[in-house]
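Written below as structure tokens is the structure these notes are about.
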Amino acid sequence: MEAAATPPSFDRTGPDEPVSPVVVSVPHAGRDYPPEMQALLTVPIARLTTLEDRYVDAVAVRAVGDEVMLVARRARGWIDLNRSPVRDRDPQVDAGADPRAFAAQPSDKVRSGIGLIPRRAGGADNMWRRKLTDAEVVARITHDHTPYHDAIDRALAAAHARFGVALLLDLHSMPPLPGVLPAQVVLGNRHGQSGAALFTDVAVGVMRAAGLRLAINHPYAGGHILTSHARPRAGIHALQLEIDRSLYLDPQFDQPGNGVAATAAWVRTLIDALADAALATAHRIAAE
């Protein structure tokens with residue numbers, strides 16, 4: 001008798017046949033900490049919640065309708081789905097990492113310990129008691145990282161096949177930014193490389209209409225998910241959205257708060273506006 005297949009470490013919602021060109025990804029809200037982490041950690045698991053996009057999935061679930069959505073269940077502390085499984089392997093925690101590939105990547109965040117397998121969290125400079133073996137890291141890539149990205153690929157390909165265009169909205173949250181009147185949302189488009197300017201303009205209009213202070217590409221321009229899946233010239237676009245956690249969490253930044261409904265409402269408006277813009281673009285191209 002064949003062994004049962006390992007269930008995916010993420011949830012996929014929405015129909016097999018897409019009804020919208022928009023696909024939503026929520027890669028950092030996972031709260032599943034596998035038991036085998038406990039013996040390896042130098043800090044309590046409860047302190048790793050600082051790595052999470054804490055309960056941004058509560059916003060996503062309320063905002064997303066029939067669109068295809070992928071929500072990671074596995075915690076970011078286990079593996080970061082928004083990091084490269086090649087160049088972002090940190091040799092300080094990963095015995096299988098290539099130090100040359102790590103040294104060549106430009107991300108200060110990854111160099112500082114927030115790589116494919118995060119090293120710095122919970123107040124510790126190194127949250128792992130020992131280096132992880134190559135086999136341990138490859139298992140996480142195989143069982144968690146690769147399937148998530150494959151599912152994004154399939155969802156975008158299906159949307160593009162049906163509508164002639166697809167747009168990935170990669171949803172994150174952030175701690176409040178410093179400053180007197182800091183941005184409450186940050187829109188990332190890889191400095192114009194991950195999508196047509198039209199979609200950024202549409203998103204800016206929605207957020208300004210909602211009365212939100214916003215920034216573009218600073219301090220978050222988008223990570224591995226955008227660079228891996230966006231192909232604007234082929235009609236597959238991507239945007240990253242960071243939401244200030246004070247907009248939807250309780251004052252302790254721990255549980256969903258009174259702002260979930262209002263935040264979900266403008267995210268819903270954003271999804272609709274992006275879908276309308278994508279369909280209008282596809283119709284215009286088809287008519288040319």
Side-chain angles (χ1 to χ4, degrees), residues 10-11 22-32 48-64 67 69-84 88 107-110 112 114-116 118 121 144-145 148-149 151-152 167-177 182-191 194-195 199-200 203-204 206-207 210 212-230 237-249 253-254 256-257 259-260 263-264 266-268 270-271 274:
F10 60 91
D11 294 316
V22 175
V23 173
V24 179
S25 163
V26 189
H28 284 166
R31 295 177 291 279
D32 175 14
L48 300 187
T49 59
T50 56
L51 286 171
E52 298 173 10
D53 287 347
R54 189 73 171 160
Y55 281 106
V56 77
D57 54 319
V59 173
V61 167
R62 189 158 183 162
V64 174
E67 295 81 12
M69 179 169 65
L70 306 167
V71 181
R73 293 197 303 269
R74 198 78 79 225
R76 183 185 185 185
W78 176 254
I79 190 168
D80 192 333
L81 302 176
N82 203 25
R83 297 290 183 265
S84 165
D88 292 340
S107 170
D108 290 336
K109 180 172 286 190
V110 174
S112 70
I114 312 297
L116 178 71
D144 301 311
H145 194 283
Y148 190 83
H149 284 269
I152 292 177
L167 189 146
L168 177 67
L169 181 63
D170 198 39
L171 185 60
H172 297 256
S173 72
M174 61 185 183
L177 296 174
Q184 297 166 298
V185 289
V186 178
L187 192 67
N189 62 17
R190 300 297 297 172
H191 302 283
S194 71
F199 298 115
T200 297
V204 167
V206 168
M207 289 182 281
L212 297 164
R213 300 187 301 272
L214 66 97
I216 299 175
N217 290 320
H218 182 74
Y220 307 107
H224 177 68
I225 288 175
L226 263 61
T227 59
S228 296
H229 299 286
H237 307 264
L239 291 172
Q240 178 177 284
L241 177 63
E242 295 271 1
I243 302 172
D244 185 332
R245 290 170 199 156
S246 67
L247 292 175
Y248 70 90
L249 288 180
F253 292 90
D254 184 56
V260 169
T263 303
W266 67 257
V267 172
R268 177 69 248 171
L270 173 62
I271 292 170
L274 291 172

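For clarity, every value in this text was computed on a predicted model and none was experimentally measured.
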Residues Arg83, Ile114; criterion side-chain contact (heavy atoms from CB on, under 4.5 Å); working and verdict: CA-CA 9 Å; Arg83 297 290 183 265; Ile114 312 297; 3.8 Å; yes
Without swapping roles, check the side chain of Ser194 against the backbone of Ala230 for a donor-acceptor pair under 3.5 Å. no
Side-chain heavy atoms of [X] within contact of [Y], under 4.5 Å:
| X | Y | value |
| --- | --- | --- |
| Val186 | Gln240 | no |
| Pro175 | Phe253 | no |
| Ile79 | Tyr148 | no |
| Asn82 | Arg76 | no |
| Asp80 | His145 | no |
| Gln184 | Ser246 | no |
| Ile243 | Leu171 | yes |

Quick check for you: to the nearest 0.5 Å, what is the distance between [X] atom [atom1] and [Y] atom [atom2]?
| X | Y | atom1 | atom2 | value |
| --- | --- | --- | --- | --- |
| His28 | Met174 | NE2 | CE | 15.0 Å |
| Leu241 | His172 | CG | NE2 | 9.0 Å |
| Thr49 | Tyr55 | OG1 | OH | 10.0 Å |
| Ile271 | Trp266 | CD1 | CH2 | 10.0 Å |

Heavy-atom closest pair, residues [X] and [Y]:
| X | Y | result |
| --- | --- | --- |
| Val185 | Met207 | CG2-SD, 3.4 Å |
| Leu226 | Gly188 | CD2-O, 3.6 Å |
| Val59 | Ala264 | O-CB, 3.7 Å |
| Leu187 | Ala203 | CD2-CB, 3.6 Å |
| Ala183 | Leu214 | CB-C, 3.8 Å |
| Ser25 | Ile152 | OG-CD1, 4.0 Å |

Just jot down the salt bridge (Lys or Arg N to Asp or Glu O under 4.0 Å) partners of [X], sequence neighbours excluded, or say none.
| X | value |
| --- | --- |
| Asp53 | Arg245 |
| Asp57 | Arg31 |
| Arg73 | Asp11 |
| Arg62 | none |

Table please: side-chain donor-acceptor pairs of residues 218-225 below 3.5 Å, with sequence neighbours left out.
residue: His224; atom: ND1; partner: Ser228; partner atom: OG; Å: 3.2
residue: His224; atom: NE2; partner: Ser228; partner atom: OG; Å: 3.1

Under the ring pair (Phe, Tyr, Trp, His ring centres under 6.0 Å) test, which residues partner Phe199, sequence neighbours left out? His237
Test ring pair (Phe, Tyr, Trp, His ring centres under 6.0 Å) applied to Tyr248 - qualifying residues, sequence neighbours left out: none
Under the side chain to side chain donor-acceptor pair (under 3.5 Å) rule, collect the residues that match up with [X], sequence neighbours excluded.
| X | value |
| --- | --- |
| Thr200 | Asn189 |
| Asp88 | none |
| His149 | His229 |
| Arg54 | Glu52, Asp254 |

Using side chain to side chain contact (heavy atoms under 4.5 Å, CB included) as the criterion, list what pairs up with Ala75, not counting sequence neighbours. Tyr33
